[in-house]
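Notes follow the structure.
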Amino acid sequence: MIEGKITRISGPIIYAEGLDGCGLYDVVDVGEKKLIGEIIRQNKGNATIQVYEEDTGMYIGEKVVCTQRPLSLRLGPGLVGNIYDGIQRPLESMYKESGAFLLPGERTEPLDINKKWHFEAAEGVEAGSKIFKGFTVGTVKETESITQKIMIPTEIRGTTLKTWKGTGDYTIDEVIGTTEYDEEIKLSHYWPVRKPRPYAKKLGVSEPLITGQRVIDVFFPLSKGGTAAIPGGFGTGKTMTQHAVAKWCDADLIIYIGCGERGNEMTDVLTEFPELIDPRTGRSIMERTILIANTSNMPVAAREVSLYSGITLAEYYRDMGMDVAIMADSTSRWAEALRELSGRMEEMPAEEGFPAYLPTRLASFYERAGRIVDFEGDEGSVSVIGAVSPPGGDFSEPVTQHTKRFIRCFWALDRELANARHYPAIGWIDSYSEYADEVKDWWEVNNPKWYTLRKNALEVLKSENKLQQIVRLIGPDALPDSERLVLVTAEMIKNGFLQQSAFDDIDKYCSSEKQIIILDLMMQFYERARAVLNHGVPLPQVVALPVREEIIRIKTTYSNEEVDKIQTVKDHLDSQMGELERMFVKAGI
């Protein structure tokens with residue numbers, strides 16, 4: 001332990017002297033209340049410290065004690081289903097102990113140190129067994145949905161088990177084995193939040209993260225191990241979209257980071273998630289979810305570290321061969337915390353007052369996503385979805401622009417769609433996904449129509465966007481029937497495919513099979529309608545066909561388990577289009 005004293009206070013930034021020998025990002029106990037802080041600048045014993053708790057009442061001359069270890073998370077059984085703040089304090093257990101308001105300097109263990117977990121030793125592991133970093137020595141059933149691997153920490157030098165207890169019930173502090181260097185192996189270990197966890201090999205992305213949201217899965221797919229941003233102004237549905245993805249995506253584990261968002265939005269997560277049923281397991285979705293709550297009324301410095309805490313937890317489960325999805329809401333609030341801290345430290349500001357190192361910090365977060373092979377040869381992935389809150393919905397502001405440099409999937413939320421209550425309000429003109437070609441092979445195996453349908457539907461929507469400029473000037477009646485059909489088809493795609501209700505029991509989640517069937521029928525309607533128009537059929541008669549409304553209503557009429565019944569809609573399309581064609585051909589028109 002190294003002791004110093006406070007020389008200056010500037011909000012959450014504390015200046016101290018006498019801390020020779022301390023390292024950058026070492027944790028310190030600040031003042032009599034022992035507030036948690038972190039050294040972010042060091043120069044000949046003079047340290048700049050950011051404090052993660054409310055420091056009102058602190059005075060110059062108070063003691064600062066350096067622990068000489070970086071800010072780290074405790075990783076082990078008991079993480080899943082928990083609610084933490086940015087520095088891994090378990091909020092639920094602290095609420096039970098001291099009430100709704102955290103006291104300055106209050107701490108408790110992030111994991112239950114008294115609970116005994118049943119450890120099932122891996123077959124063949126015994127005293128004298130050869131080990132290596134990342135080697136799985138056994139498993140613990142953390143929840144009904146998650147089985148956690150107990151792995152040899154990467155910092156252990158030993159290659160042989162000297163002692164071994166084997167299968168049994170242990171707490172996270174009990175030693176279950178040692179190496180030839182007397183290094184202890186426990187059910188838990190610590191890991192620095194700013195240090196990426198190592199892996200054997202990084203892989204390219206190839207499989208989509210199926211979310212059950214049609215506009216995402218079909219038009220702007222995100223791969224497992226990919227990165228995405230959801231920018232949008234106030235009220236456009238960033239949080240709603242992230243909630244929907246978190247609830248229904250096919251990741252093994254969800255980590256939801258409420259970073260600087262309003263408390264009521266985090267409350268929605270806390271109240272809704274425990275009641276949600278995981279469609280894959282039939283159990284509570286909280287059994288595969290970890291929440292990190294850093295709301296806007298918490299100290300700004302804690303926001304800065306909450307993203308690193310979330311990505312560290314994700315990497316821990318990724319190393320077990322799991323697919324993990326992170327929801328960061330919102331990276332703009334995180335960037336604002338960086339701006340405030342930078343201003344307190346009197347650094348030279350860059351554009352709009354943000355620090356010049358903003359792109360570097362964003363990169364250090366997003367670049368930890370990816371798909372990897374662990375040291376045992378298993379594949380795992382971390383997918384990152386970050387919400388961005390540009391003031392006034394201005395996508396040219398620094399956070400949005402710098403974020404676009406490090407992500408490959410951009411779900412731009414449209415104010416006009418949100419005002420029209422069209423959710424998800426992901427605009428099909430400004431949004432894009434660079435993963436479409438990389439997940440094409442997966443779709444070729446599972447549904448070969450995806451690529452062609454996606455391409456043709458996007459062309460219809462882009463054509464409609466151009467035609468709308470003409471319609472605003474001279475009205476739709478001046479357009480030929482072929483172009484008015486584009487407007488009609490685009491409206492079908494918008495209302496019957498892109499718009500999705502999170503409150504409808506059938507429509508809240510749409511399987512990939514049903515997604516393709518709906519879009520296929522819409523594009524078939526478009527092609528068949530073009531054909532009958534060429535035979536002289538007036539467009540109003542085509543639009544009046546009952547099957548058009550049937551196709552639009554498929555999303556709420558047939559569940560994911562009833563896709564075979566949609567064939568009746570296809571039969572109606574065939575008969576009604578065929579009848580029109582026969583009628584006009586017979587009349588010699």
Side-chain angles (χ1 to χ4, degrees), residues 69-90 109-113 115 117 119 122 131-143 145-156 172-173 176 185-203 224-225 246 251-257 286-292 305-328 364-384:
R69 66 172 180 83
L71 183 66
S72 305
L73 297 188
R74 190 165 194 179
L75 306 175
L79 291 168
V80 176
N82 235 320
I83 306 162
Y84 295 105
D85 68 355
I87 49 179
Q88 209 191 11
R89 292 185 296 183
E109 287 291 336
L111 300 175
D112 190 339
I113 59 175
K115 181 175 180 177
W117 297 90
F119 172 73
I131 58 173
F132 53 85
K133 60 182 179 181
F135 177 76
T136 300
V137 295
T139 58
V140 169
K141 195 169 184 62
E142 192 170 4
T143 69
S145 304
I146 298 291
T147 297
Q148 187 174 131
K149 291 181 180 179
I150 305 301
M151 303 170 291
I152 298 295
T154 55
E155 65 270 18
I156 282 184
I172 59 173
D173 283 331
I176 60 174
I185 300 170
K186 302 178 181 179
L187 297 185
S188 67
H189 66 280
Y190 287 91
W191 189 265
V193 297
R194 298 180 188 274
K195 180 182 177 182
R197 288 178 66 88
Y199 47 82
K201 181 183 177 182
K202 193 156 192 174
L203 301 173
K224 290 182 178 178
D252 298 311
L253 184 78
I254 302 297
I255 297 177
Y256 192 97
I257 308 170
M286 279 301 291
E287 292 186 359
R288 62 178 184 95
T289 303
I290 302 173
L291 301 178
I292 297 178
V305 78
S306 60
L307 293 191
Y308 295 115
S309 297
I311 200 77
T312 300
L313 292 172
E315 289 176 336
Y316 176 58
Y317 286 93
R318 173 206 68 186
D319 294 346
M320 301 177 196
M322 296 185 190
D323 295 314
V324 186
I326 293 181
M327 312 294 151
S364 67
F365 172 63
Y366 283 108
E367 289 179 356
R368 287 172 71 171
R371 181 167 159 258
I372 61 98
V373 175
D374 64 25
F375 293 107
E376 291 189 308
D378 296 326
E379 294 183 9
S381 69
V382 173
S383 309
V384 176

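Note that the structure is a prediction, hence the values are computed from the model and not measured. Count residues from 1 along the sequence.
Remark: the backbone N or O of Ala251 is not paired with any side-chain donor or acceptor of Asp323 at under 3.5 angstrom. One N or O on the side chain of Ser72 and one on the backbone of Pro70 form a donor-acceptor pair closer than 3.5 Å. Using a distance-only test at 3.5 Å, with no hydrogens or angles considered, no donor-acceptor pair links the side chain of Ser188 to the main chain of Gly76. A donor-acceptor pair under 3.5 Å links the side-chain atoms of Gln88 to the main chain of Arg74, judged by distance alone.
Annotation for Lys202 and Gly370: closest pair CE-CA, 4.0 Å, computed over non-hydrogen atoms. Considering every non-hydrogen atom in both Phe375 and Phe132, the closest pair reads O-CE1, 3.5 Å. Closest heavy-atom contact between Ile372 and Arg318: CG1-CD, 3.4 Å. When all heavy atoms of Phe119 and Leu187 are compared, the pair lying nearest together is CD1-CD2, 3.8 Å. Pairing each heavy atom of Trp191 with each of Leu75, the nearest pair is CB-CD1, 3.7 Å. Across all non-hydrogen atoms, the minimal contact from Lys186 to Ile150 is O-CG2, 3.9 Å.
Between the side chains of Asn82 and Tyr84, at least one donor N or O lies within less than 3.5 Å of an accepting N or O. With no hydrogens or angles considered, a side-chain donor-acceptor pair links Tyr317 and Gln148 at under 3.5 Å. Side-chain contact annotation: Thr312 with Arg368, donor-acceptor N/O pair under 3.5 Å present. Looking only at atom types and distance, the side chain of Tyr190 has no donor-acceptor partner in the side chain of Glu155 under 3.5 Å away.
To the nearest 0.5 Å, the span separating CD1 on Ile292 from CE on Met327 amounts to 13.0 Å. Note that the NE2 atom of His189 and the OG1 atom of Thr154 stand 6.5 Å from one another [nearest 0.5 Å]. Rounded to the nearest 0.5 angstrom, Asp173 CG and Ile113 CD1 are separated by 6.0 Å. For the atom pair CG of Asp252 and CE of Met322, the computed distance is 6.5 Å after rounding to the nearest 0.5 Å.
By the neighbour-count criterion of 12 heavy atoms within 6.0 Å, atom NZ of Lys201 is sparsely surrounded, having that number or fewer from other residues, nucleotides or ligands.
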| side-chain contact (heavy atoms from CB on, under 4.5 Å) between Leu79 and Leu111, intermediate numbers included | CA-CA 7 Å; Leu79 291 168; Leu111 300 175; 3.7 Å; yes

Requested in this report: Output, in order, the C-alpha distance, side-chain angles, deciding distance and verdict of side-chain contact (heavy atoms from CB on, under 4.5 Å) for Leu203 and Glu379.
Outcome: CA-CA 9 Å; Leu203 301 173; Glu379 294 183 9; 3.7 Å; yes

| request: Please report the C-alpha distance between Ser145 and Arg288 in whole Å, then the side-chain angles of each, then the deciding distance to 0.1 Å, and finally whether the side-chain hydrogen bond (donor to acceptor under 3.5 Å, both in side chains) criterion is met. | output: CA-CA 6 Å; Ser145 304; Arg288 62 178 184 95; over 6 Å; no

Verdict with reasoning, Thr147 to Glu142, per side-chain hydrogen bond (donor to acceptor under 3.5 Å, both in side chains)
CA-CA 5 Å; Thr147 297; Glu142 192 170 4; over 6 Å; no

* Run the side-chain contact (heavy atoms from CB on, under 4.5 Å) check on Met151 and Tyr316 step by step: do they pass? -> CA-CA 10 Å; Met151 303 170 291; Tyr316 176 58; 4.3 Å; yes

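Put simply, the residue from Leu253, Thr289, Ile255, Leu313 that forms a side-chain contact (heavy atoms from CB on, under 4.5 Å) with Val80 is Leu253. When each of Ile257, Leu73, Asp85 is checked for a side-chain contact (heavy atoms from CB on, under 4.5 Å) with Ser309, only Leu73 meets the rule. For the side chain to side chain donor-acceptor pair (under 3.5 Å) test with Lys149, the passing option among Asp374, Thr139, Asp378 is Asp378; the others fail.
In this structure the side chain of Ile290 never reaches within 4.5 angstrom of the side chain of Tyr256, judged on heavy atoms. Proximity of Thr136 to Glu376: side-chain heavy atoms (C-beta onward) are separated by under 4.5 Å at one or more points. At least one side-chain heavy atom of Ile172 sits less than 4.5 Å from a side-chain heavy atom of Trp117.
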